[in-house]
Amino acid sequence: MTAYWLFKSEPDAYSFDQLEKDGHTEWTGVRNFQARNNMKAMKVGDLGFFYHSSTKVPAAVGIVKVVRAAHPDPTARDRKSEYFDPRATADNPIWEMVDVAFERRLPRPVTLAEMRANPDLAATMVLLRKGSRLSVQPVHPREWKIVLAMAGSPAP
DNA sequence: GCCAACGTTGGC
DNA sequence: GCCAACGTTGGC
């Protein structure tokens, strides 16, 4: 059973365009336990929305596929990384990451404002909860379908 | 740039 | 264990 997720990224830091060029990437730098736990729950083959945050028009812009399950995030133990965490050790890496691959671009972006305006999403979607900051979050299959439809995308 | 909401830290 | 203070996120 495929599960669905949403990955936030600031396009200035790492954009969906960049992922398309790269083909795949390691989702490094998550330093929130709930977001980490969501990654630990992911299985290879799961799909996720790629969401652009902290930008002029925040929006879901594409779809990624999980191609490697959670494993230790090496940036936590890299003294030179901005994501360095002195508590992380080889025995207890604390922070993990998944690898994701470019799957496809949405026919058109679905903006945060559009999602918020959709009563079928507003009540339940984690992204739309007041004060929601979770950078890796679950998406209910029902929500997944609705957002895909809003993007003008045929069901996969 | 502002600020509400959140997660984390640390004093007690 | 509580909670105030702080730093960060992220929409607006």
Side-chain angles (χ1 to χ4, degrees), chain A residues 3-22 25-42 46-64 66 69-100 102-103 105-140 142-153:
Chain A
Y4 301 104
W5 309 94
L6 181 145
F7 295 82
K8 280 188 197 172
S9 187
E10 300 185 19
D12 289 346
Y14 192 81
S15 67
F16 194 59
D17 282 354
Q18 190 59 49
L19 178 61
E20 182 168 27
K21 286 181 197 141
D22 295 345
T25 193
E26 297 175 317
W27 208 260
T28 58
V30 170
R31 296 295 178 267
N32 169 285
F33 287 102
Q34 211 178 334
R36 182 206 64 182
N37 292 344
N38 285 335
M39 289 200 291
K40 286 173 107 169
M42 292 179 189
D46 282 358
L47 298 173
F49 289 123
F50 193 108
Y51 174 85
H52 280 164
S53 66
S54 288
T55 188
K56 198 163 184 176
V57 183
V61 293
I63 295 175
V64 299
V66 176
H71 55 292
D73 176 351
T75 64
R77 300 190 56 217
D78 177 0
R79 223 163 263 285
K80 294 191 293 281
S81 169
E82 61 177 311
Y83 303 120
F84 177 68
D85 183 344
R87 298 170 301 175
T89 64
D91 284 348
N92 181 21
I94 306 179
W95 303 114
E96 305 204 18
M97 62 186 185
V98 294
D99 294 6
V100 300
F102 176 91
E103 181 74 7
R105 190 172 292 275
L106 292 175
R108 61 175 204 87
V110 179
T111 68
L112 178 64
E114 285 176 87
M115 289 188 262
R116 216 180 269 295
N118 186 326
D120 293 329
L121 294 176
T124 59
M125 202 169 175
V126 174
L127 182 72
L128 306 179
R129 279 188 204 150
K130 192 174 182 182
S132 171
R133 306 187 333 191
L134 199 55
S135 64
V136 179
Q137 52 182 258
V139 174
H140 191 277
R142 186 182 61 83
E143 298 161 350
W144 181 265
K145 274 187 202 163
I146 293 170
V147 175
L148 280 187
M150 291 168 79
S153 179

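A, B, ... follow the sequence lines: proteins, then strands. Residue 1 opens every chain.
A straight line from CZ of A:Arg36 to C1' of B:dG7 spans 14 Å, rounded to a whole angstrom. Atom CH2 of A:Trp95 is separated from atom C1' of B:dT8 by 10 Å (rounded to the nearest Å). Between the P atom of C:dG10 and the CD atom of A:Gln137 lies a distance of 9 Å, rounded to the nearest Å. With rounding to whole Å, A:His52 atom NE2 is found 17 Å from C:dC12 atom P. Following rounding to the nearest Å, A:Gln34 (CD) and C:dT8 (C1') show an atom-to-atom distance of 16 Å. Residue A:Leu112 contributes atom CG, which lies 18 Å from atom P of C:dT9 at whole-angstrom precision. Separating the NZ atom of A:Lys130 from the P atom of B:dA5 is a distance of 4 Å, rounded to the nearest angstrom. Following rounding to the nearest Å, A:Leu134 (CG) and C:dT8 (P) show an atom-to-atom distance of 18 Å.
If you check every strand for non-hydrogen atoms under 4.0 Å, A:Ser54 touches a base. Heavy atoms of A:Arg116 sit under 4.0 angstrom from primed sugar atoms or phosphate atoms, though from no base atom.
Applying the 4.0 Å criterion to OP1 and OP2 of C:dG11, one finds that A:Tyr51 has a side-chain N or O inside that range. Between B:dT9 and A:Arg87, a contact under 4.0 Å exists linking OP1 or OP2 to a side-chain N or O. Contact annotation: A:Lys8 side-chain N/O to C:dG10 OP1/OP2 distance is under 4.0 Å.
When distances are taken from the side chain of A:Phe33 to each of B:dT8, C:dG11, B:dA5, the shortest belongs to B:dT8.
Not one N or O on the side chain of A:Asn32 forms a donor-acceptor pair closer than 3.5 Å with the backbone of A:Leu134. Looking at A:Gln137, its side chain never comes within 3.5 Å of a backbone N or O of A:Phe7 through a donor-acceptor pair. Counting only distance, with no hydrogens or angles, the side chain of A:Thr55 and the backbone of A:Pro58 share no donor-acceptor pair below 3.5 Å. Listed for the A:Ser9 side chain is a donor-acceptor partner under 3.5 Å among the backbone atoms of A:Tyr14.
Put simply, the side chain of A:Val64 does not reach to within 4.5 Å of the side chain of A:Thr25, judged on heavy atoms.
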